[in-house]
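Some notes on the structure that comes next.
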Amino acid sequence: QPKTVTKEVSISVPDSGGTVNVQVMMDGAVIFEQDVDTAMDLAVSVPVTAKIGETKTLSVFFDGVLSGDPITVNFE
């Protein structure tokens, strides 16, 4: 039985001067959603869990808009 491991992935949030809704999807499901006040924070830490040996791709949305390149996370 492969073990699972959780990694904290830091995601930079664009400075909009207000609140940004951050949503992270993995394997077609939302694994994280949070409103971030950019006056306080310009990054969020997202816990991601997968089996050891897997590589996961995270899609990040800011206010519902897909942000740039997906993030690849390796679970060793």
Side-chain angles (χ1 to χ4, degrees):
Q1 184 77 352
K3 284 188 177 174
T4 59
V5 60
T6 299
K7 283 192 166 186
E8 294 284 334
V9 179
S10 182
I11 293 174
S12 296
V13 181
D15 187 356
S16 69
T19 301
V20 175
N21 176 261
V22 180
Q23 195 178 57
V24 180
M25 291 187 76
M26 180 175 83
D27 297 336
V30 176
I31 61 163
F32 179 89
E33 185 169 1
Q34 185 176 313
D35 290 327
V36 177
D37 182 353
T38 60
M40 312 262 302
D41 293 302
L42 287 175
V44 290
S45 189
V46 178
V48 183
T49 303
K51 291 183 179 136
I52 289 175
E54 286 187 324
T55 299
K56 293 291 186 181
T57 302
L58 308 181
S59 300
V60 181
F61 297 81
F62 298 122
D63 290 333
V65 179
L66 182 62
S67 155
D69 297 323
I71 298 169
T72 302
V73 185
N74 297 310
F75 293 86
E76 279 125 17

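Because the structure is a prediction, the values reported are computed rather than measured. Just so you know, residue 1 is the first one in the sequence shown, and it goes up from there.
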For residues 61-72, which side-chain donor-acceptor pairs fall under 3.5 Å, sequence neighbours excluded?
| from | atom 1 | to | atom 2 | distance (Å) |
| --- | --- | --- | --- | --- |
| D63 | OD1 | N21 | N | 2.8 |

Can you list the steps and then say if V48 with M26 is a side chain to side chain contact (heavy atoms under 4.5 Å, CB included)?
CA-CA 9 Å; V48 183; M26 180 175 83; 3.6 Å; yes

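- With a 4.5 Å cut-off between side-chain heavy atoms of Ile, Leu, Val, Met, Phe, Trp and Tyr, the cluster of L42 takes in none.
- Atom CE of M40 sits about 10.5 Å away from atom OG1 of T19, to the nearest 0.5 Å.
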Under 3.5 Å, which donor-acceptor pairs link side chains of residues 2-13 to any protein atom two or more places apart or in another chain?
| from | atom 1 | to | atom 2 | distance (Å) |
| --- | --- | --- | --- | --- |
| T6 | OG1 | T49 | OG1 | 2.7 |
| K7 | NZ | N74 | O | 2.5 |
| E8 | OE1 | S45 | OG | 2.6 |

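- A single hydrophobic cluster is not seen to contain both V36 and M25; linkage of ILVMFWY side chains at heavy-atom distances under 4.5 Å, directly or through other members, places them apart.
- Using a 4.5 Å heavy-atom cutoff, the side chains of V60 and Q23 are not in contact.
- Under the salt bridge (charged side-chain N to carboxylate O under 4.0 Å, His left out) criterion, E33 pairs with no residue at all, not counting sequence neighbours.
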So L58 and I31, side chain to side chain contact (heavy atoms under 4.5 Å, CB included) or not? Walk me through it.
CA-CA 9 Å; L58 308 181; I31 61 163; 4.1 Å; yes

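- For residues 39-57, the set of pairs meeting the salt bridge (charged side-chain N to carboxylate O under 4.0 Å, His left out) definition, not counting sequence neighbours, comprises D27-K56, E54-K56.
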